[in-house]
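Proteins come first, then strands; the chains are lettered A, B, ... in the order of their sequence lines, and each starts at number 1.
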Amino acid sequence: MRLSRFYLPTLKETPKEAEIASHRLMLRAGMIRQSSAGIYSWLPLGFRVLRRIEQIVREEQDRAGAQEMLMPTIQPAEIWRESGRYDDYGPEMLRITDRHERELLYGPTNEEMITEIFAATARSYRDLPKMLYHIQWKFRDEVRPRFGVMRGREFLMKDCYSFDLDYEGAVRSYNKMFVSYLRTFARMGLKAIPMEADTGPIGGDLSHEFIVLAPTGESAVFCDRNCLDIDVLSEDIDYGDDGALAAIINRFTTLYARTEEKHDTAAFESRVAKDRRYEGRGIEVGQVFYFGTKYSKPMGAEVIGPDGQPATVEMGSYGIGVSRLVGAIIEASHDDAGIIWPDAVAPFDAEIINLRPGDEACDAACMEAYARLGAAGRDVLYDDRDERPGVKFADADLIGIPWRLVIGPRGIKDGKVELKRRDGTVADEVALSAALDRLATAPRG
RNA sequence: CGGGGAGUAGCGCAGUCUGGUAGCGCACCUGCUUUGGGAGCAGGGGGCCGGAGGUUCGAAUCCUCUCUCCCCGACCA
């Protein structure tokens, strides 16, 4: 993509409404534009990131055995009356009436809808287990939306629902999602720690929040440093091996990891040696939750069991805040100049900066780089604009593409270009061909 | 929902107290000069001053009502 043709309305000054880094940087980098409180349009740069995050979530859901579907944003009030939540939900639910005076709502979540679908179609225990998910826009009419996409009213969420015949089955599903989440966040370059979460009136210990560590996070978190060192991506995970999954989960759940709401200083200090105590801040990006028959019972989601008797299905739900993740990743990875995208979610793999468009040698070198990287399957942003170098460097820092290839008249007369990582780990003056070899084979994360 | 603040050009702001034909910086357009970290000079375009009523010869400015947005708190993927 040539930057001269790309719709990238960057801002030099910060819009005054943006307080936190991710909000500020997303606005400045031309990723989003606010429509009304807590509701945003996603401009091309932001949309690219959103799609990449969504795709990682999708791949890891599929890998864990969940199946993608799509449910509507608008739901009938009726099914929420069946579950008893229509009145419980309160003013956070956006209620709508259509021309026939039918009561509708813009879905804040989909337990009722999926349960209703499942109840109407599942017959036998042989239909179980199942895990179904979708990635869809939701709406919660927050009293006070803030922090940009981190706490919007409209947000993109992946929600998955599991259906099992009994508690043991539900735990297996829960474990699959738990491990899937570990992999999902790790692939995005995040340290996400599962922390014990409130299970509300249902009780039990089967709920975890996944917290991304970021110094600007909203809640204080306390955990054993050993949590930070577990590398889930290097393992070959077999989702059919219940024992292996349980073992991975045990490694986390036996370690102390809690948010401030559940933090217990005495327990922390007795369970975690002093040098292993980690205290920081974090952002919740996902939650896994077992809730048994809370919805299946009132909505009649039953199957005939092996014994010929009807059995109410055991359910769980598993959410990931996809749009929130965009903000969370920026909170976890930025500096004063701008965003530092992890490779796996970056809007482009590399940016080529032509310091002197119109200079024959620079143009030729840039076009060679652009063509070669494109042929190697890289997504490249080519800054061919007729701007001064300072403007280009500043925009490049701001939008945070992981690799930067700077081609200017000074270097090119010696056949040299500058190859840099946005995160500062690489800054080399090398021959163009060497830089291209390196970029063409660099991991995409 | 309680408390605070703000709506004036795309963005950041001044002007409001003390009414008198709307301004600054950046951005944008044209030309020339520049070109390795947000260039210089010259010229130019762009505003029903959030909206509705009112007071006045005259309202961005005073009065009334209203809408929106932001911050702190309570609440949340």
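As rounded to the nearest Å, B/C41 and B/U8 have P atoms that lie 29 Å from one another. Rounded to whole Å, the C1' atom of B/C62 lies 46 Å from the corresponding atom of B/A39. With both ends at atom P, the span from B/C28 to B/G10 equals 15 Å, rounded to whole Å. Taking atom P on both nucleotides, B/U68 is separated from B/C13 by 22 Å, rounded to a whole Å. With P as the reference atom, B/C29 and B/C70 are 30 Å apart, rounded to whole Å. Distance check on atom C1': B/G38 versus B/G51 gives 38 Å, rounded to whole Å. Comparing the P positions of B/U64 and B/C17 gives an interatomic distance of 15 Å, to the nearest angstrom. Here the separation of B/G12 from B/A6, taken at their C1' atoms, is 14 Å to the nearest Å.
Between the CD atom of A/E13 and the C1' atom of B/G25 there is a distance of 7 Å, rounded to whole Å. In this entry the distance linking NZ of A/K12 with P of B/G38 reads 9 Å, nearest Å. Taking atom CG of residue A/L355 and atom C1' of nucleotide B/A39, one finds them 15 Å apart after rounding to whole Å.
For A/Q287, the listed nucleotide lying nearest its side chain is B/A77; candidates were B/C11, B/C13, B/A77. Checked against B/G36, B/G12, B/A74, the side chain of A/V406 finds its nearest nucleotide in B/G36. The side chain of A/P15 lies closest to B/C11 when the candidates are B/C11, B/A6, B/A74.
Near RNA chain B, defined here as any heavy-atom distance below 4.0 Å, the residues from residues 24-41 of chain A are A/R28, A/Q34, A/S36, A/A37, listed numerically.
Using N1 to N3 plus N6-O4 or O6-N4 for Watson-Crick, or N1-O2 and O6-N3 for G-U wobble, each under 3.5 Å, B/C32 pairs with B/G40. Across all strands shown, the partner of B/G23 is B/C13, judged by Watson-Crick or G-U wobble contacts whose two distances both fall under 3.5 Å. Using the Watson-Crick or G-U wobble rule with both distances under 3.5 Å, B/A60 pairs with nothing in any strand shown. When both pairing distances are held under 3.5 Å, B/C1 makes a Watson-Crick or G-U pair with B/G73. Base pairing of B/A6 is made with B/U68, judged by Watson-Crick or G-U wobble geometry with both donor-acceptor distances under 3.5 Å.
Judged purely by distance below 3.5 Å, without hydrogens or angles, the side chains of A/S207 and A/Q287 pair a donor atom with an acceptor atom.
Interface remark: the A/E387 side chain does not form any donor-acceptor pair with the B/G38 base, using a distance-only criterion of under 3.5 Å. Below the 3.5 angstrom threshold, one finds a donor paired with an acceptor across the side chain of A/R151 and the base of B/C75. Between the side chain of A/R140 and the base of B/C76 there is no donor-acceptor pair of N/O atoms closer than 3.5 Å.
Between the CD1 atom of A/I353 and the OH atom of A/Y382 there is a distance of 11.0 Å, given to the nearest 0.5 Å. Taking CZ of A/R24 as the start and CG of A/L11 as the end, the distance is 12.5 Å to the nearest 0.5 Å. The SG atom of A/C160 lies 10.5 Å from the CD1 atom of A/I135; values are rounded to the nearest 0.5 Å. Within the model, atoms CG of A/D229 and CG of A/L255 stand 10.0 Å from one another, a figure rounded to the nearest 0.5 Å.
Remark: A/R404 engages A/D397 in a salt bridge, criterion side-chain N to carboxylate O under 4.0 Å. At a threshold of 4.0 Å, the pair A/R258-A/E196 counts as salt-bridged, since one of the basic side-chain nitrogens sits closer than that to a carboxylate oxygen. Contact check on A/D414 versus A/K416 returns no salt bridge, with no Lys/Arg side-chain nitrogen under 4.0 Å from an Asp/Glu carboxylate oxygen.
Heavy atoms of A/R385 sit nowhere under 4.0 angstrom from any nucleic acid atom. Within 4.0 Å (heavy atoms only), A/R356 reaches sugar-phosphate atoms of the nucleic acid but no base atom. Residue A/T109 is out of contact with every strand shown, counting any heavy-atom pair closer than 4.0 Å. Within 4.0 Å (heavy atoms only), A/G152 reaches at least one base atom of the nucleic acid.
Between A/E142 and A/D397, the residue anchored closer to the 5' end of RNA chain B is A/D397, taking for each the nucleotide with the nearest heavy atom. Annotation: of the two residues near RNA chain B, A/K420 and A/M150, the 5′-most nearest-nucleotide partner is A/K420.
Between A/F222 and A/H263, the ring planes lie parallel to each other; the angle is under 30°, not in the 30° to 60° tilted range.
OP1 or OP2 of B/A39 sits under 4.0 Å from a side-chain N or O of A/R388. Between B/C71 and A/R144, a contact under 4.0 Å exists linking OP1 or OP2 to a side-chain N or O.
Ring-base stacking between A/F155 and B/A77 is satisfied, the centre separation being under 5.5 Å and the plane angle under 30°.
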